[in-house]
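Report on the structure given below.
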Amino acid sequence: MKKQLFDVAIIGGGPAGLNAALVLGRAKKNVVVIDEGNPRNAVTQESHGFLTRDGIKPDQFRRIAKEEISAYPSVSFVVDKAVSVAGTNGDFQISTAQGLTYQSKKLLFAVGMKDRPLNIPGLEEVYGKSAFVCPYCDGWELRDQPLVIITKGPDVMHFAPLISGWTHRFTFCTNGPDELTDDQREELQRHQVPIFESPIQYIDSNDGIVRQVILEDGTNIPCRGIFFKPELVTGSGLPREIGCDITEAGMVAVDNFGKTNVPGVYSAGDAASRLHQVIAAASMGAFAAAAINNELNVETWNQNG
């Protein structure tokens, strides 16, 4: 029995993949969404900044999305992990951990990003509860509170004016050499922003709420929240496996509509952008879906002409 050839296989079921599935379903395309159900934001209590969905729990967001997409019967969902991809434009093969193979004309990677292990003792216990990575997502909840920002180098000078919009009570912990210039240190001093280079010994917390950051030199920094820069890697090595260009920052290189350098292959969401926000990922998924749909329609038009 010949396998079904889907119009589009979407690898990843986060906001980008789900919104792409919605747009493609409404365009009458046969779509399979392959997702293992292990999202990066599983630690997140609430998602913010998405109009009509501000404060929604991530699992509720995905449930509602799938309910809405179910109105379009040409979209199928598979709970599985894509482990290899092969083929060329018009005939891609995706193999999964469960030993299944799916074929599609086009391929959309919406694989997101994953955190490298959190190597600061105590950080894992507060991540997603009182330690976050994005002030646009969680800054409101920590407004006017004393915060510790864990980062170093140029990111310090990016983050200092940014976080000052939410609170003026913040301290930088660089967890080692600050990698700043003398001019940058003077700028922080002018704004009365403390900065500590001593390595972090551990983060003291109670039920996920940080109480203080304790440094190896004995310094204790009381705080009510933390922002830190995570070390990220692409959520899957499959884009690289099939030949997609990867940027120096580790993202899949795409144009404004999510198209990669590999014909027929697209990417959207966190895996292809520095804007790691739910609404931005969903928007990218919609753009990529429209581009994919147009490409499929033009190909069919030309074949029938």
Side-chain angles (χ1 to χ4, degrees), residues 12-23 35 37-69 110-115 118 123-151 155 158-172 203 205-211 223-232 235 249 251 268-288:
L18 290 169
N19 214 32
L22 174 64
V23 172
D35 181 66
N38 185 28
R40 179 188 172 210
N41 67 356
V43 301
T44 303
Q45 306 297 304
E46 297 178 344
S47 295
H48 293 281
F50 199 122
L51 195 63
T52 77
R53 291 290 182 264
D54 190 50
I56 194 170
K57 296 182 181 302
D59 59 345
Q60 184 182 13
F61 178 93
R62 291 189 292 273
R63 178 181 58 77
I64 293 172
K66 289 182 178 179
E67 288 175 356
E68 293 179 349
I69 295 169
V111 296
M113 303 293 279
K114 290 188 181 297
D115 294 291
L118 305 175
L123 184 55
E124 185 173 351
E125 286 78 4
V126 297
Y127 186 23
K129 295 180 180 178
S130 59
F132 308 98
V133 299
C134 173
Y136 288 104
C137 302
D138 299 287
W140 171 259
E141 286 67 32
L142 294 174
R143 64 194 183 280
D144 302 320
Q145 296 297 311
L147 306 180
V148 164
I149 315 301
I150 304 174
T151 191
D155 289 315
H158 165 74
F159 220 99
L162 175 64
I163 201 66
S164 69
W166 282 274
T167 182
H168 293 290
R169 304 160 65 191
F170 60 94
T171 299
F172 280 101
I203 294 171
S205 64
N206 180 34
D207 196 25
I209 305 303
V210 61
R211 296 192 297 193
C223 62
R224 291 294 174 267
I226 292 172
F227 282 101
F228 69 100
K229 182 180 179 180
E231 293 186 26
L232 301 174
M251 300 177 298
D270 288 4
S273 172
R274 291 181 181 272
L275 300 175
H276 296 174
Q277 299 179 41
V278 174
I279 197 166
S283 174
M284 289 184 66
F287 279 126

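Keep in mind that this is a model prediction, so the values were computed, not measured. All values below were derived from every heavy atom in this structure, side-chain atoms included, with hydrogens, water molecules and symmetry-related copies excluded.
- Counted within 6.0 Å of CD on Glu46, heavy atoms from surrounding residues, nucleotides or ligands total more than 12; the atom is thus considered enclosed.
- Aromatic pair Phe170/Phe159: ring centres not closer than 6.0 Å.
- The neighbour count for Phe61 CZ, taken as heavy atoms of other residues, nucleotides or ligands under 6.0 Å away, is above 12.
- For CD of Gln60, the number of neighbouring non-hydrogen atoms (other residues, nucleotides, ligands) closer than 6.0 Å is greater than 12.
- In this structure, the side chain of Ser130 engages the main chain of Val210 through a donor-acceptor pair within 3.5 Å.
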Exercise. Are Ile56 and Phe50 close enough, and set up right, to give a side chain to side chain contact (heavy atoms under 4.5 Å, CB included), and what steps lead you there?
Worked result: CA-CA 9 Å; Ile56 194 170; Phe50 199 122; over 6 Å; no
Exercise. Taking it one step at a time, do His276 and Leu232 satisfy side chain to side chain contact (heavy atoms under 4.5 Å, CB included)?
Worked result: CA-CA 11 Å; His276 296 174; Leu232 301 174; 3.5 Å; yes
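- Residues Ile203 and Glu125 fail the side-chain proximity criterion, which asks for heavy atoms closer than 4.5 Å.
- You'll find the side chain of Asp115 stays beyond 4.5 Å of the side chain of Glu124, heavy atoms only.
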Acceptor/donor pairs from residues 131-148 side chains to any protein atom, 3.5 angstrom cut, sequence neighbours excluded:
residue, atom, partner, partner atom, Å
Arg143, NH1, Trp140, O, 2.7

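- Taking CD of Gln277 as the reference point, atom CE of Met284 lies at 12.5 Å (rounded to 0.5 Å).
- Nearest heavy atom pair, residue Ser205 against residue Val126, reads CB-CG1, 3.4 Å.
- Of the inter-residue distances, the one linking Glu68 atom CD with Leu22 atom CG reads 7.0 Å to the nearest 0.5 angstrom.
- Shown here are the side-chain contact (heavy atoms from CB on, under 4.5 Å) partners of Ala20, two or more places apart in sequence or in another chain: Ile10, Leu108, Ala289.
- A pairwise comparison of heavy atoms in Gly112 and Asp270 identifies CA-CB, 4.0 Å as the closest pair.
- Every residue two or more places apart in sequence or in another chain that forms a side-chain contact (heavy atoms from CB on, under 4.5 Å) with Lys129 is listed here: Gln45.
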